[in-house]
Student: 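Structure provided below as structure tokens; questions to follow.
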Protein chains: 2
Amino acid sequence: MTQIAKAVGVSSATVSNALSGKGRVSPKLVDKIRATAAELGYVPSNAGRALRTGRSNVLGLVLPDISNPLFPQIAQAMETAASNAGYGILIADSRGDVSTQTHAIARLIERGVDGLIIIPRRGTRIGSVNCPVAMVDTPSTPGNTVSADHWEGGEKIARHLLDLGHQNFLFVGHDPASNVQNDRIGGMKSALGNTNHHQTIWVETLVREQGDKTSLGLIDHVNSGVTAIATTSDLHALRVLTELQTAGIKVPDQVSVTGFDDLIFSSVVSPALTTVHMNMTRIAEIAIAALTDEIEATKAHTQKIHDKNGTADQQTVKADTSKVSMELMVRASSGPAVSPATPNPNGETL
Amino acid sequence: MTQIAKAVGVSSATVSNALSGKGRVSPKLVDKIRATAAELGYVPSNAGRALRTGRSNVLGLVLPDISNPLFPQIAQAMETAASNAGYGILIADSRGDVSTQTHAIARLIERGVDGLIIIPRRGTRIGSVNCPVAMVDTPSTPGNTVSADHWEGGEKIARHLLDLGHQNFLFVGHDPASNVQNDRIGGMKSALGNTNHHQTIWVETLVREQGDKTSLGLIDHVNSGVTAIATTSDLHALRVLTELQTAGIKVPDQVSVTGFDDLIFSSVVSPALTTVHMNMTRIAEIAIAALTDEIEATKAHTQKIHDKNGTADQQTVKADTSKVSMELMVRASSGPAVSPATPNPNGETL
DNA sequence: GTAAAATGATTAATCGTTTAACCAGTAAAA
DNA sequence: TTTTACTGGTTAAACGATTAATCATTTTAC
């Protein structure tokens, strides 16, 4: 910037004003400065700016479980939204461990992030941090900034199966401690009403008790009359689908299978999975907007107070819209229910 | 830091020296400074440090296709390795588009990253950038810093199938323009020798010609004697597996199916996929080490020269080890070959 | 006993940007 | 003509850390 100033013959303050458009600089001079800046290949120093303004224009993205297959979608959406708002995304992985997560957050803070986006898992408590935090979990979680309306997603998929004539359901979830999973299953149950039969199994519980390679015991359930298996994740839907297919049970002819999240593989398997799609792009935009708004506000506030200890009680950022509708993706894995009276046409008895 | 200096009654330079351990400070004073630093909750300002030292301690991770299902593994491994080396990871997504990628790289540079890790896709050319670049692609790519030994992975999986008695192979790749895919298939072919029959189909070509939902036409291949279908990705293996199962072809009884990458779902489908696992942790460690070494070297070099234009010819960073062995994961989707003489027991003729 | 060397700390400059405060002109208003 | 207001710019002080240069002391060496 000093170089530009020297080249044009003005002070560096004028260059700054010209480039930022803040002060009063004559139009001709602005053009001249812009031109020489481009000519000299000027790249603003983020460090200098960050030092002066106290803001790094970087947000931290904290994922308790980075191996989550939904992560690519999340990261992509967040990166795009942040980039559009002039922010970069610094990632932190806490591998599901709480202490590692605390550590990861601390590292991000030390790096000077202006805000945090946290995708919590289970009952993660966010320790008090002195920067704005957007939390993306599920609408029923206290402090949730924005997320997909998992409950509504559950309702949609259950109604779809009801419309197909199903009356006997099996829900497959991963982990009863997850807010998201509970909302999804809650939504499904609420759509079912009292007249339909349903049970729930949790994969993690089975795996913990019977090992990684455990069968989900789906054949018994099918033989006992279940015609629709609704899972809380495409990953489980895939497990269910292949387990059924291996057992010779036809999907969707004998049993319908549904997933959640519309993961990358959902549309390429046979039969393609009926699932619920999450508008991650919109969720990311809302989260980032809420965060940047708060950052701006904090800045203005700090200018007057100039004492950060006074604002330590802030929890998570609020957004205008806190839930984003999910979209039902009807594909080949769901079909009309076979009459419960009809015995299993395959005669498979295990 | 000034506060600490004032509190202890020394100059801020002494505080800096005490905390960094660089200058000469008496042990007692070091202890005292450390104590007051902790007491005051001192967090070093990255901006200040970055401004003075010219290094941000942040690396950029560029992924041309962030929706790649391998991304979680990559991101996690890179983040951990970088974190251990004292660096943060700023992500950039270029959504497969070349111009977007150039833009993304420029953004990272502007943010002041000290180095770049680039996972290229297809024949991506890295434009000259004035910071160290580590490229993770495949050993046969010029400029590759480190990657999995995809060729060897192909050999391993082909030998595994050969050991099971297979003689008629179908290779399923995504895209003939990918270096990684070509190496994988190249390795498989080289292990086969001349006595075994093989063909290759490319999914992207089929999708482009016949639409997204196209069948891979596997049944024809199976009927014509193929007993082993080896894919270059678990995603394709999954597609193959479910397409076969839907058609009533038993895996692995009639046909063996193998994948690549050991993606998250590979072990939970039925039958679990035989695949090749990539030691991403090690790859990340090597890449980050090569990058940080170069950063250190550049720093030392710059101190003397102090003219960055002179070092513009550097391409990508070199590592001691440029390929990391892949591990064969034998699971349930591969089994002994049925005799090619035996007609298809299912009698399925399409 | 004096020169040389090591010790432990300080000074002050520097990185690049922003911004409040100030100033010299010129134009409009009284 | 004097006062007021605006215009287009400059000055200089931050922001927080690092580090070369310097300076008293004290220790060691010959």
Side-chain angles (χ1 to χ4, degrees), chain A residues 1-34 36-37 40-58 86 109-112 114 296 299-300 302-304 306-308, chain B residues 1-34 36-37 40-58 86 109-112 114 296 299-300 302-304 306-308:
Chain A
M1 203 169 242
T2 318
Q3 283 184 33
I4 301 175
K6 212 173 293 177
V8 181
V10 294
S11 75
S12 66
T14 306
V15 176
S16 176
N17 283 330
L19 259 29
S20 68
K22 285 194 174 176
R24 290 172 306 205
V25 188
S26 67
K28 326 145 203 170
L29 198 48
V30 170
D31 286 347
K32 196 170 175 186
I33 288 172
R34 284 236 180 85
T36 32
L40 264 54
Y42 166 72
V43 191
S45 152
N46 237 270
R49 181 174 296 163
L51 181 57
R52 174 65 226 236
T53 61
R55 309 207 291 115
S56 61
N57 281 340
V58 170
I109 302 282
E110 282 186 31
R111 286 236 137 67
D114 293 335
E296 290 300 326
K299 182 194 175 188
T302 308
Q303 278 185 330
K304 293 176 187 170
H306 209 72
D307 174 47
K308 288 178 184 174
Chain B
M1 202 170 243
T2 318
Q3 282 184 34
I4 301 175
K6 211 173 294 175
V8 181
V10 295
S11 74
S12 66
T14 306
V15 176
S16 175
N17 284 330
L19 259 28
S20 67
K22 285 193 174 175
R24 290 174 304 206
V25 187
S26 67
K28 327 146 203 170
L29 199 49
V30 169
D31 285 348
K32 198 169 173 186
I33 288 173
R34 285 237 180 83
T36 33
L40 264 54
Y42 166 72
V43 189
S45 152
N46 238 269
R49 180 176 295 162
L51 181 57
R52 175 63 226 240
T53 62
R55 310 208 291 114
S56 60
N57 280 340
V58 171
I109 301 282
E110 283 185 31
R111 286 236 136 68
D114 294 335
E296 290 300 325
K299 182 194 174 187
T302 309
Q303 277 186 332
K304 293 177 187 170
H306 209 75
D307 173 48
K308 288 179 184 175

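Naming convention: chains lettered A, B, ... in sequence-line order (proteins, then strands); numbering from 1 in each chain.
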Student: What integer distance in Å separates B:Q3:CD from D:dA17:P?
Tutor: 10 Å
Student: Compare side-chain N and O positions of A:S16 against OP1 and OP2 of C:dT18 and report whether any pair is under 4.0 Å apart.
Tutor: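 The answer is yes; a side-chain N or O of A:S16 sits under 4.0 Å from OP1 or OP2.
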Student: Grab the CG-P distance between A:L19 and C:dT19 for me, whole Å please.
Tutor: 13 Å
Student: Measure the angle between the two terminal helix axes of the helix from C:dG1-D:dC30 to C:dA30-D:dT1, five base pairs each, and quote it to 10°.
Tutor: 40°
Student: Please state how far atom OH in A:Y42 lies from atom C1' in C:dC15, giving the value in whole angstrom units.
Tutor: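 A:Y42 atom OH is separated from C:dC15 atom C1' by 13 Å.
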Student: Does any non-hydrogen side-chain atom of A:R111 lie less than 4.5 Å from one of B:V58?
Tutor: yes
Student: Enumerate donor-acceptor pairs with a distance under 3.5 Å from any side-chain N or O in residues 1-8 of chain A to protein atoms, sequence neighbours excluded.
Tutor:
none

Student: Does A:V30 have any side chain to side chain contact (heavy atoms under 4.5 Å, CB included) partners at least two apart in sequence or in another chain, and if so, which?
Tutor: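 Only A:A18, A:V25, A:R34 meet the side chain to side chain contact (heavy atoms under 4.5 Å, CB included) criterion with A:V30.
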Student: Between C:dT14 atom C1' and A:L51 atom CG, what is the distance in whole Å?
Tutor: 12 Å
Student: Who pairs with A:N17 by side chain to side chain donor-acceptor pair (under 3.5 Å), at least two apart in sequence or on another chain?
Tutor: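 Once residues adjacent in sequence are excluded, A:N17 has no partner under the side chain to side chain donor-acceptor pair (under 3.5 Å) criterion.
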Student: One character per nucleotide, please: for nucleotides 7-14 of chain D, 5' to 3', B when the base has a protein heavy atom closer than 4.0 Å, S when only the sugar-phosphate does, - otherwise.
Tutor: BBBBBBBB
Student: According to side chain to side chain contact (heavy atoms under 4.5 Å, CB included), who are the partners of B:A50, at least two apart in sequence or on a separate chain?
Tutor: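 Expected list: A:A47.
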Student: Could you tell me which residues satisfy side chain to side chain contact (heavy atoms under 4.5 Å, CB included) with B:R52, sequence neighbours excluded, listed by chain and number?
Tutor: none
Student: Tell me: CZ of B:R49 to C1' of D:dG16, nearest whole Å?
Tutor: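 Rounded to the whole Å, the gap is 10 Å.
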Student: Given D:dG16, C:dT19, D:dT18, which nucleotide is nearest the side-chain atoms of B:T53?
Tutor: D:dT18
Student: Nearest-Å distance, NZ (B:K6) to P (D:dA17)?
Tutor: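 One finds 13 Å between P of D:dA17 and NZ of B:K6, rounded.
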Student: Taking atom P of D:dG16 as reference, at what distance in whole Å does atom CZ of B:R55 sit?
Tutor: 22 Å
Student: Any side-chain hydrogen bond (donor to acceptor under 3.5 Å, both in side chains) involving residues 7-16 of chain B? Give me the pairs, sequence neighbours left out, ordered by first then second residue.
Tutor: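 Listed once each, the pairs are B:S11-B:T14.
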Student: Counting only side-chain N and O atoms of B:K22, is one of them less than 4.0 Å from OP1 or OP2 of D:dT19?
Tutor: yes
Student: Quick one: list whatever passes side chain to side chain donor-acceptor pair (under 3.5 Å) with B:D114, sequence neighbours left out.
Tutor: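 Result, side chain to side chain donor-acceptor pair (under 3.5 Å) vs B:D114: B:S56.
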Student: Hey, does B:V43 have a side-chain heavy atom less than 4.5 Å from the side chain of A:I109?
Tutor: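 Counting from C-beta outward, A:I109 and B:V43 never come under 4.5 Å.
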Student: Tell me: CG of A:N57 to C1' of C:dG16, nearest whole Å?
Tutor: 15 Å
